[in-house]
Amino acid sequence: MEQAGGEQFIYCSAEGCRRIDMICVDLHLHTRFSFDASINPRYVADSLNAHPIIKGVAITDHNTLEGYSHVRRFAAGYPDVVIIPGVEVGTTLGDVIVLGVLEKPAYWASLESAIDFAKARDGVLIVPHPYRGGGIRDAARRIPNGLGAIEVLNPDSSEEENKLSESLAKTTNLPGVGGSDAHHVFQMWKAYTEVDADPNVDSILKAIRNSKVKAVLAKA
Ligand SMILES: [Zn+2]
């Protein structure tokens with residue numbers, strides 16, 4: 001059943017109600033193609049299709065896009081889900097994620113070169129867990145140009161680290177996004193981002209650039 005909820009349109013089913021003018025996307029998930037993760041690509045596609053709320057995922061394996069291509073293949077039969085290509089790489093200042101690209105930036109190069117890489121391919125650069133090990137920390141304040149968003153909600157980070165990330169997003173005027181950073185099945189879908197977008201990759205990336213996002217911690 002569809003009903004108007006203020007400005008928003010709400011779809012209600014047995015699982016609950018959700019807005020249909022936005023899509024919930026886990027913007028940070030690893031498959032077994034990451035050296036430190038175990039999730040099978042087929043399971044990502046099946047689980048996303050079965051999920052009552054989250055309908056999009058960015059596959060952000062360490063230094064490879066192989067997991068993405070497998071998830072995309074397994075999700076081909078599911079018209080309601082969106083699979084976003086992405087990759088997480090270390091730079092000399094810390095980790096970054098580039099979304100919307102089909103190749104990876106140079107490993108362990110400068111942050112500036114990762115920014116240039118993303119720009120040249122119309123990708124969106126996200127700063128994951130800035131205040132955890134491997135995070136770029138306050139470097140984001142010095143080099144905010146070219147950064148697309150700050151990950152302000154990561155279930156693997158402490159509350160304090162997430163708070164610092166939130167304040168980094170505010171002071172740099174960058175959108176704050178959330179993702180599970182799942183490496184194993186039990187960590188999947190624990191955080192996500194509500195995106196005011198149509199259910200396709202281009203619309204989602206555009207909405208992130210335009211700050212039409214809200215980071216959400218999944219209810220236990
Ligand atoms: Zn990660």
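By convention here, the first residue in the shown sequence is residue 1. Just so you know, ligand 1 is whichever comes first in the structure, and atom 1 is the first atom listed for that ligand.
- Using cut-offs of 30° and 60° on the angle between ring planes, the pair H30 and H183 is parallel.
- With R209 as the fixed residue, the salt bridge (charged side-chain N to carboxylate O under 4.0 Å, His left out) test singles out one of D202, D122, D196: D122.
- Each of R132, E151, H62, H129 was evaluated against D95; a single residue qualifies, H129, per the side-chain contact (heavy atoms from CB on, under 4.5 Å) test.
- For the 3.5 Å distance criterion, the side chains of N162 and Y131 fail to qualify, holding no donor opposite an acceptor.
- Around the Zn ion (ligand 1), the protein contributes the following N, O or S atoms under 2.8 Å, ordered by chain and number: H28 NE2, H30 NE2, E88 OE1, D181 OD1.
- Proximity of Q187 to D156: side-chain heavy atoms (C-beta onward) are separated by under 4.5 Å at one or more points.
- Between D198 and K206 there is no salt bridge, since none of the side-chain N atoms of the basic residue sits less than 4.0 Å from a carboxylate O of the acidic one.
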